Protein chains: 2
Amino acid sequence: MGRPSQPLLSRAIIARAALELLNEEGPDALKMRSLADRLGVRGASLYHHVASKDDLLDAASELLNEEIDLGPLQDPQWRRGIAEYARGYRRVYLQHPHMIALVARRRVEADRALIGYDALLAALVGAGCTPAGAAEAAAALDYLVLGSALETFTAGFTRAPADYRPDYPALADSLESTGTRPGGLAGLDDRGFELGLRFLLDGLAAQLAQA
Amino acid sequence: MGRPSQPLLSRAIIARAALELLNEEGPDALKMRSLADRLGVRGASLYHHVASKDDLLDAASELLNEEIDLGPLQDPQWRRGIAEYARGYRRVYLQHPHMIALVARRRVEADRALIGYDALLAALVGAGCTPAGAAEAAAALDYLVLGSALETFTAGFTRAPADYRPDYPALADSLESTGTRPGGLAGLDDRGFELGLRFLLDGLAAQLAQA
DNA sequence: ACCCCTTACCTAACGCGGTTAGATTTAGTT
DNA sequence: AACTAAATCTAACCGCGTTAGGTAAGGGGT
């Protein structure tokens, strides 16, 4: 078997399949050979389109960056725009939570990622921030979004709330009481993020108002 | 060569060495054999003290958890206490930034981690939060801390600020202007975290005042 | 004091997974 | 029509996590 009449692979096709595999079977299942299987191809063939597994992760990361909707940042109401942008940003990573750990701590070189930061900073400056203040606010927002998508606070607590009571009473109280909220325990991550987002925007608004 | 007169290894010794190796040479350099080299031992010997590389990471994570100072949470001034706790928490992970990606998305079973959450929640309830409200605030705080320790916003931008200007003007403005701040570009991560922390505590204080 | 079992190291080697080399067939270009 | 480049293949290398089994030192029971 030699070259196929129709190409079977491309960098984007491979990256997309990698994201699917990652979501369905987790990071340990993301092997070059398994990925090739899923694409009906042999492992070595992937290397005609990606330089390495690391490069493959870069490609997947680029796909994710492209999914983030920058539109809200054009909203003339800066507060609403930034909130919607942050939610969309978070939503993309929540749908591919394993990617955060795989991609974090890399250089930001992808054009699309830089465009995103540029748009966010421009929106903040438009809202009245100084350029340096905008950088700080953007950093804080980034931390909140990525932290909340990475950690899924809730998922760490696997036992029934009451099981924690003997040794960790305050934790048990909080988990039990959280269970009665809309969304329940599973919604805690969302509500925690929304709380942080609201406070962040409140703080920003107050800072801008007094200036 | 058989059993040594004095034991050379222990779970804690291995975990500590793993943290050092991780810091000095990065995650890819953390190999069982390299780790053994550093300890003057052969790779297989490690398995008498840790069940697997994964278990080793758990052990290292436990060490980090123990380094987090819970003392500030006893501060009668809740705001100062929580801020100091959050800074200390972040400082620990900043000193071992690679651990975040390695350890995130695991179950929280370590006793010490549960004690930490319990203490934080108790402090928030002590400040006046409802148990469910405390959980949300704790989640938001956690996201900010881990996000800021994970991401090091700044480190992503490796080019000179001016190089970004043609395509990303707002980014270039912010980076240049940031360079003139105390701490400069390198301090942006700290200032972003402090900004988020301040706004979060402000929001919490406002919420408690009106209740 | 001796024996024996356990402990903590060793050497050797397996197997999986990322990666490379080189063959083969088709596409595109002159 | 011939030649080069491209896209897949098969085969194999090598590094790393892990396991099997050997060996010497500790330490408890008689």
Side-chain angles (χ1 to χ4, degrees), chain A residues 1-63 98-99 101-103 105-106, chain B residues 1-63 98-99 101-103 105-106:
Chain A
M1 183 183 298
R3 177 178 183 173
S5 314
Q6 287 286 85
L8 302 171
L9 302 176
S10 75
R11 185 177 171 88
I13 288 173
I14 293 171
R16 181 61 63 189
L19 284 178
E20 289 172 16
L21 185 53
L22 202 57
N23 265 12
E24 290 169 23
E25 307 188 31
D28 293 342
L30 183 56
K31 308 172 225 236
M32 296 305 271
R33 287 187 239 268
S34 315
L35 184 55
D37 283 351
R38 163 176 294 245
L39 291 163
V41 126
R42 303 299 198 156
S45 305
L46 301 174
Y47 288 85
H48 276 263
H49 303 271
V50 297
S52 64
K53 187 173 181 177
D54 226 61
D55 182 43
L56 164 62
L57 292 176
D58 281 343
S61 172
E62 284 162 31
L63 283 187
H98 299 293
M99 280 300 291
L102 293 176
V103 169
R105 305 200 61 72
R106 298 194 178 202
Chain B
M1 179 182 299
R3 177 178 184 171
S5 315
Q6 287 287 83
L8 303 170
L9 301 176
S10 75
R11 184 177 172 88
I13 288 173
I14 293 172
R16 182 62 61 191
L19 283 178
E20 290 171 17
L21 184 54
L22 203 57
N23 265 13
E24 291 170 23
E25 307 188 33
D28 293 342
L30 182 56
K31 307 171 226 228
M32 297 305 272
R33 286 185 240 267
S34 316
L35 184 55
D37 284 350
R38 161 176 296 243
L39 291 162
V41 125
R42 302 301 195 150
S45 305
L46 301 174
Y47 288 87
H48 277 263
H49 303 270
V50 296
S52 63
K53 187 173 182 179
D54 225 61
D55 182 43
L56 163 64
L57 292 176
D58 282 342
S61 172
E62 284 162 31
L63 283 188
H98 298 294
M99 281 299 292
L102 293 176
V103 168
R105 305 200 62 72
R106 298 194 178 203

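Proteins come first, then strands; the chains are lettered A, B, ... in the order of their sequence lines, and each starts at number 1. It should be emphasised that the depicted structure is a prediction, and the values quoted were computed from it without experimental measurement.
With sequence neighbours excluded, no residue forms a salt bridge (charged side-chain N to carboxylate O under 4.0 Å, His left out) with E25(B). Remark: R16(B) pairs with E67(B) by the side-chain hydrogen bond (donor to acceptor under 3.5 Å, both in side chains) rule, at least two apart or across chains. With sequence neighbours left out, R106(A) forms a salt bridge (charged side-chain N to carboxylate O under 4.0 Å, His left out) with D54(A), D58(A). In this structure P27(A) satisfies the side chain to side chain contact (heavy atoms under 4.5 Å, CB included) test together with L22(A), H98(A), sequence neighbours excluded. For A36(B), the side chain to side chain contact (heavy atoms under 4.5 Å, CB included) partners two or more places apart in sequence, or in a different chain, are V41(B), L46(B). Residues that satisfy the side chain to side chain contact (heavy atoms under 4.5 Å, CB included) test with A59(A), not counting sequence neighbours, are R11(A), A15(A). Not counting sequence neighbours, D37(B) has no partner by the salt bridge (charged side-chain N to carboxylate O under 4.0 Å, His left out) test.
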Protein heavy-atom contacts under 4.0 Å, written 5' to 3' over nucleotides 14-23 of chain D as B (base), S (sugar-phosphate only) or - (none), form the string --BBBBB-BB
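Listed by residue number, the members of residues 4-16 of chain A with any heavy atom below 4.0 angstrom from DNA chain D are P4(A), P7(A), L8(A), L9(A).
Along DNA chain C, the stretch of nucleotides lying under 4.0 Å from any heavy atom of chain B spans, 5' to 3', dT6(C) to dA13(C).
In this structure the side chain of L35(B) reaches within 4.5 angstrom of the side chain of I14(B), judged on heavy atoms.
The side-chain hydrogen bond (donor to acceptor under 3.5 Å, both in side chains) analysis of residues 40-51 of chain B, with sequence neighbours excluded, yields no pairs.
From L56(A), atom CG reaches atom OG of S61(A) across 11.0 Å, with rounding to the nearest 0.5 Å.
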